[in-house]
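As the structure lists them, so they are numbered: ligands from 1, and atoms in each ligand from 1.
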Amino acid sequence: MSVAHLFTPLRVGSLELRNRIVIAPMCQYSAEQGCATDWHLIHLGQLALSGAALLIIEATAVVPEGRISARDLGLWSDETEAALARTLESIRRWSDIPVAIQLAHAGRKASTNVPWEGGAQIPPGAPHGWQTVAPSAVPFAEGQYPPLALDKASMERTREAFARAAERAARLGLDAVQIHGAHGYLLHQFLSPLSNRREDEYGVSLENRMRFPLEVFDAVRGAFPSEKPVSMRVSGTDWAEGGWNIEETIAFAQALERRGCGAVHVSSGGLTPAQRIPIGPSYQVPLARAVKQAVSIPVVAVGLITEFEQAEAIIGTGDADLVAIARAILYDPRWPWHAAAHFGASVSAPNQYLRSQPPRFRQLFDAAKPAR
Ligand SMILES: Cc1cc2nc3c(=O)[nH]c(=O)nc-3n(C[C@H](O)[C@H](O)[C@H](O)COP(=O)(O)O)c2cc1C
C-alpha cells in the first residue's frame with residue numbers, strides 16, 4: 001500500500017516535518033502577566049505527544065498592550081521568556097516534536113474579557129483594560145471605545161518589539177516563528193482598507209497597506225536564525241464588501257515569498273462584524289488553493305478540517321502542502337495517531353505509551369526517538 005500523502009515528510013528550511021499535520025495556534029487565556037503557567041505545560045504537553053509534525057504555540061503578544069486579554073501569553077520581557085523556557089524544557093524532555101510560536105499584536109481587538117467571560121471589550125482605565133492602538137482610530141465594532149492611531153514612532157517601537165520577541169524565540173530554541181497577520185489583529189488591520197484609513201505611506205494603495213506588515217516580517221526575519229523558517233498567517237478575505245480579498249492576499253503572499261518567508265498559513269475573517277462567512281467543512285481551503293497556485297513556498301490550509309480522508313484529499317489534490325487542525329485536536333489529542341492508523345501509516349509515540357499500540361495496527365508506532 002502506498003503511503004498516504006498526509007504522512008509524507010516535508011522540509012521547510014531547517015525544519016523536518018514528519019507528516020503534513022500542524023497543530024494550529026490556540027489562545028489559552030491562562031497566562032499570568034504574560035507568563036506561561038502550569039496550564040501551558042498540561043495543554044502543550046499533551047499536544048506534544050499527539051504525533052503531529054509541528055506544534056504552534058498560541059498567539060503570543062510582543063508587548064503587553066498587544067494582548068487580546070490580560071490573560072494572554074507574552075514574550076516581551078525576561079520574566080515571560082523564563083516562564084516559557086520552563087514550559088519548553090519540560091516538553092522537550094519528553095517529546096521531540098518541533099515547536100513554533102505565533103508572535104502577535106491584537107491592535108484594536110486588544111483589551112477584552114476572556115471568551116468564557118463573554119469576550120467583551122474592556123475600556124481603558126477599567127480593571128484589566130487599556131487603551132488600544134491601530135492603524136487608524138476606527139473601532140472594531142460600533143459603540144466600542146476607539147483605538148489610538150499609531151504614529152511613526154509607535155510603529156517603529158512595535159516593529160522592534162516583534163524583532164525582540166523573535167530574538168527571545170531564538171534563545172528559547174524554538175524551531176520556527178509564525179507572525180500573526182490574520183483574524184483582524186494589528187497587521188491585518190494595516191492590510192484591510194476597512195480598518196486602515198491612513199493617508200500616509202502606510203495607507204490607501206495595496207502597496208502602502210502591505211508596507212508595515214512587510215516591515216514587521218523583515219524585522220522578524222532578520223532577528224531569527226536564517227535557517228529556521230519565519231511564516232505568516234493571513235486572512236485570505238474579510239468576507240465583507242470593500243474589504244481585504246484573495247487577490248490582495250496573493251499579492252501579499254508573493255511579496256512575502258520574495259522576502260524569504262518560509263510558509264503562508266491561510267485562514268480568513270476576523271476583521272469586521274459585517275463578515276458573512278460561508279462556514280462548512282474545508283471552507284477556507286479554496287483560499288489556500290488560490291495562494292498555492294501563485295507561490296512556490298509551502299501553504300497551510302486550516303478551518304473545519306476534521307476528517308482523515310478530508311485532510312488526505314487536501315494534500316493529495318495539491319490544494320495545500322500542510323493542514324492545520326485546531327478544535328478537532330483539542331477534542332481528540334491523538335487525532336494524528338488515529339489518522340495514521342486509518343491510513344496504515346506510522347507516527348512517533350512516547351516510549352511510555354508504546355504498549356498501547358492495538359495489535360491490528362502493527363506498524364503504527366515509530367521507534368521512539370530520544371528526547372532532544
Ligand atoms: C480555542 C481557540 C483558540 C484560538 N487561538 C488562536 C490563536 O492564538 N491564533 C490564531 O491564529 N488562531 C487561533 N484560533 C483559530 C485556529 O487556529 C483555527 O484557525 C480555527 O479554529 C479554525 O480551525 P479548526 O476548524 O480546525 O478549529 C483559535 C481557535 C480556537 C478554537
> Do E117 and Y29 get their side chains close enough for a donor-acceptor pair, meaning under 3.5 Å?
no
> Return the closest protein heavy atom for atom 6 (C) of ligand 1 as residue, atom name and distance.
P25 O, 3.0 Å
> Does H180 reach ligand 1 with a nitrogen or oxygen that is under 3.5 Å from one of the ligand's nitrogen or oxygen atoms?
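N/O-N/O distance below 3.5 Å exists for this pair.
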> Please confirm whether A324 comes within less than 3.5 Å of ligand 1 when only nitrogen or oxygen atoms on both sides are compared.
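In this structure, A324 places no N or O atom under 3.5 Å from an N or O of ligand 1.
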> Could you check atom 29 (C) of ligand 1 against the protein and tell me its nearest heavy-atom contact, residue, atom and distance included?
M26 CG, 4.0 Å
> Does an N or O from C27, backbone or side chain, lie closer than 3.5 Å to an N or O of ligand 1?
yes
> In this structure, are over 12 heavy atoms from other groups packed under 6.0 Å from D200 atom CG?
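Correct, the count exceeds 12.
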> Of the non-hydrogen atoms in Q28 and S30, which two are nearest, and what is the gap between them?
O-OG, 2.6 Å
> Tell me if the CD atom of E199 is crowded by more than 12 foreign heavy atoms within 6.0 Å.
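No, not enclosed.
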> Could you tell me whether I325 and ligand 1 have an N or O pair separated by under 3.5 Å?
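Between I325 and ligand 1 (N or O atoms, distance only) the closest approach is not under 3.5 Å.
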> Between R93 and E89, is the closest basic N to carboxylate O distance under 4.0 Å?
yes
> Need the ligand 1 atom indices (1-based, order shown) with element for anything under 4.0 Å from a heavy-atom of Q102.
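Selected atoms, number and element: 7 (C), 8 (O), 9 (N), 10 (C), 11 (O).
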> N/O of A59 under 3.5 Å from N/O of ligand 1, yes or no?
yes
> At less than 4.0 angstrom from any non-hydrogen atom of G303, what atoms of ligand 1 do you find?
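Close to G303: 22 (C), 23 (O), 25 (O).
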> For a salt bridge (Lys or Arg N to Asp or Glu O under 4.0 Å) check, start with the C-alpha distance between R168 and D78, then their side-chain angles and the critical distance, and finish with the verdict.
CA-CA 9 Å; R168 292 184 187 279; D78 292 347; 3.0 Å; yes
> For ligand 1, is there an N or O atom under 3.5 Å from any N or O atom of R327?
yes
> Do you know which two heavy atoms are closest between R159 and A219, and how far apart they sit?
CG-CB, 3.9 Å
> Would you check the N or O atoms of E58, main chain and side chain alike, for any that come under 3.5 Å of an N or O of ligand 1?
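No: no nitrogen or oxygen of E58 is under 3.5 Å from one in ligand 1.
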> Quick one: sort the Y185 and H183 rings into parallel, tilted or perpendicular, breaks at 30° and 60°.
perpendicular
> By the definition side chain to side chain contact (heavy atoms under 4.5 Å, CB included), identify the one residue from N208, V216, N196, L214 that meets it with F190.
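Of the listed residues N208, V216, N196, L214, the side chain to side chain contact (heavy atoms under 4.5 Å, CB included) partner of F190 is N196.
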> Any idea which protein heavy atom is nearest atom 11 (O) of ligand 1, and the distance to it?
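Its nearest protein heavy-atom neighbour is R233 NH1, 2.6 Å.
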> Give me the nearest non-hydrogen protein atom to atom 20 (C) of ligand 1 as residue plus atom name, then the distance to 0.1 Å.
A326 CB, 4.1 Å
> Please confirm whether A24 comes within less than 3.5 Å of ligand 1 when only nitrogen or oxygen atoms on both sides are compared.
no
